[in-house]
Q: 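First the structure, then my questions, so here it is.
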Amino acid sequence: MTNLPAARLSRARRRANLGHGEHSEHGGPSRHGDGRVRLPVPPGLSVPLGCDAVGLPARHGFRMMAHLSRPGCVFADTDWWWWVVPAESDDGLLWPQPAQYVPGVYVPATRPRLIHSPEGNSPYTPPIPLYLMACRVADTAPAWSTVPHQGS
């Protein structure tokens with residue numbers, strides 16, 4: 001077993017399970033047993049913090065992109081757009097509906113494709129501006145948890 005606290009163990013598992021550019025034998029995103037698809041972070045991008053994903057319905061995608069100054073990797077299918085964020089970007093944030101926060105990069109999507117690559121070497125969209133835009137789209141006030149983070 002390991003001596004890492006539970007929260008750090010979770011982060012370590014996410015990092016270990018990430019894998020750059022994991023694809024199926026057909027060159028597309030790989031499928032998980034439950035129908036989720038792994039978003040393939042392009043090779044050459046640094047992911048020292050692990051990756052999670054935030055999804056919003058496609059009808060909000062262009063508006064979100066227009067207001068984010070430094071979007072990272074963004075994937076889309078016909079129904080959802082997915083932004084890659086650092087692992088545990090949900091810590092202390094209450095993501096509003098209809099946003100979906102997904103630990104790891106296995107998302108409920110159909111044939112997502114990379115529609116935006118970052119300018120730098122990081123796949124991450126900064127989570128706070130993304131969160132604030134998700135709140136704006138949901139017409140709700142931002143809400144932070146007052147419970148301190150445990151285990152870091």
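The figures that follow rest on heavy atoms only: side chains count, while hydrogens, waters and symmetry mates do not.
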Q: In the structure I gave you, are the side-chain heavy atoms of P126 and W83 within less than 4.5 Å of one another anywhere?
A: no

Q: For W95, what residues pass the ring-ring contact (aromatic ring centres under 6.0 Å, His included) criterion, not counting sequence neighbours?
A: Y101, Y131

Q: Output the distance between atom CD1 (I128) and atom CE (M133), rounded to the nearest 0.5 Å.
A: 14.5 Å

Q: Do V47 and V84 touch side chain to side chain, with heavy atoms closer than 4.5 Å?
A: no

Q: Please table the atom pairs, donor to acceptor, closer than 3.5 Å between any side-chain atom in residues 58-77 and protein atoms at least two apart or in another chain.
A:
| unit_1 | atom_1 | unit_2 | atom_2 | d |
| --- | --- | --- | --- | --- |
| H67 | ND1 | R63 | O | 2.9 |
| D77 | OD1 | D79 | N | 2.9 |
| D77 | OD1 | W80 | N | 2.7 |
| D77 | OD2 | T110 | N | 2.7 |

Q: For P123 and S46, which heavy atoms make the closest approach, and how far apart are they?
A: CD-O, 3.0 Å

Q: Going by the rule side chain to side chain contact (heavy atoms under 4.5 Å, CB included), which residues pair with T140 if we only count those two or more places apart in sequence or in a different chain?
A: P96, C135, A138

Q: I'd like to know if the side chain of D52 and the backbone of G104 have a donor-acceptor N/O pair within less than 3.5 Å.
A: yes

Q: State, yes or no, whether a side-chain contact exists between P42 and L114 at a heavy-atom distance under 4.5 Å.
A: yes

Q: To the nearest 0.5 Å, what is the distance between CG on L130 and OG on S89?
A: 8.5 Å

Q: If we only count heavy atoms from C-beta on, is the P98 to L56 side-chain gap below 4.5 Å?
A: yes

Q: Locate the shortest heavy-atom distance separating A53 from V85; write the atom from each residue and the value.
A: N-CG2, 4.3 Å

Q: Considering all heavy atoms of both residues, which atom of L39 and which atom of V107 are nearest to each other, and what is their separation?
A: CD2-CG2, 3.7 Å

Q: Considering only heavy atoms from C-beta outward, does the side chain of V37 approach that of Y106 to under 4.5 Å?
A: no

Q: Quick one: does L49's side chain get under 4.5 Å of Y124's, heavy atoms only?
A: yes

Q: Please examine the side chains of I115 and W81, heavy atoms only from C-beta on, and report whether any two atoms are closer than 4.5 Å.
A: yes

